[in-house]
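See structure below.
Just so you know, these numbers come straight off a predicted model, no measurement behind them. The figures that follow rest on heavy atoms only: side chains count, while hydrogens, waters and symmetry mates do not.
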Amino acid sequence: MKGEARKAAIAAYKERKVVGGIYLVRCEASGEVWVGQWPDIETIQTRLWFTLRQGMTPHKELLEAWRRHGEAQFSFEILEKLEDEKSSYIRASKLKERVSYWREKLRANAV
């Protein structure tokens, strides 16, 4: 029974609707803001926090702030979700366009 439940959970995960989007990371202590994009917006915070905790993120400025101020000073926010787009090319293009908009509007660093 346990194996069947696991298989069902895996199947449900694979069948879920993946939504891309734009997200914001803010350091409350310094006021710094980073804006990024991700094709599966529901999974990026877990991934990003994991890489920051491990010190393995390619985003050096963000990692330096994380180390300097500590995890408790950071917050995550989804700024925008993109409508379902069947074409990965069109989705990538829309993400690129929208992340540029948000970075400019918020004067944010890239992540």
- Is the shortest heavy-atom distance from the side chain of W38 to the side chain of L95 under 4.5 Å? no

Applied to residues 90-99, the salt bridge (charged side-chain N to carboxylate O under 4.0 Å, His left out) test, sequence neighbours excluded, yields E80-R98, E85-K94

Minimum side-chain heavy-atom gap L63-R67 below 4.5 Å | yes

Linking I/L/V/M/F/W/Y whenever any side-chain heavy atoms sit under 4.5 Å apart, do W66 and W34 land together?
yes

Within the 4.5 Å heavy-atom criterion, are F76 and I44 side-chain neighbours or not? yes

Check: Do I78 and V33 sit in the same hydrophobic cluster, where Ile, Leu, Val, Met, Phe, Trp and Tyr count as joined when their side-chain heavy atoms come under 4.5 Å apart?
Finding: no

Item to check | Shared hydrophobic cluster, I22 / Y101 (ILVMFWY, side-chain heavy atoms < 4.5 Å) | outcome: yes

| request: Could you walk me through whether W49 and V25 pass side-chain contact (heavy atoms from CB on, under 4.5 Å), step by step? | output: CA-CA 10 Å; W49 261 225; V25 175; 4.0 Å; yes

Discussion item. Taking CZ in R47 as the centre, count heavy atoms belonging to other residues, nucleotides or ligands within less than 6.0 Å. Is the count above 12?
Written reply: no

Scanning both residues in full, the closest heavy-atom pair of A29 with H69 reads CB-ND1, 3.4 Å

Here the pair of heavy atoms bringing V35 nearest to A108 is CG2-CB, 3.5 Å

(request) Flag yes if more than 12 heavy atoms outside E77 fall under 6.0 Å of its CD atom; otherwise flag no. (result) yes

All heavy atoms of V111 vs all of H59, minimum pair found to be C-CE1, 3.3 Å

**Prompt:** Do V99 and L24 sit in the same hydrophobic cluster, where Ile, Leu, Val, Met, Phe, Trp and Tyr count as joined when their side-chain heavy atoms come under 4.5 Å apart?
**Reply:** yes

### Message
Looking at E71, I want to see if its CD is surrounded by more than 12 non-hydrogen atoms of other residues, nucleotides or ligands under 6.0 Å.
### Response
yes

| Non-hydrogen side-chain atoms of F50 and M56 separated by less than 4.5 Å | no

- Query: Going through the distances and angles, do F74 and L52 end up as a side-chain contact (heavy atoms from CB on, under 4.5 Å)?
  - Reply: CA-CA 11 Å; F74 286 80; L52 287 165; 5.9 Å; no

Taking 4.0 angstrom as the limit, do R26 and E32 come out as a salt bridge? no

Review point. Is there side-chain contact between Y23 and I41, with at least one heavy-atom pair below 4.5 Å?
Key: yes

Rounding to 0.5 Å, atoms CZ (R68) and OG (S30) come to a distance of 6.5 Å

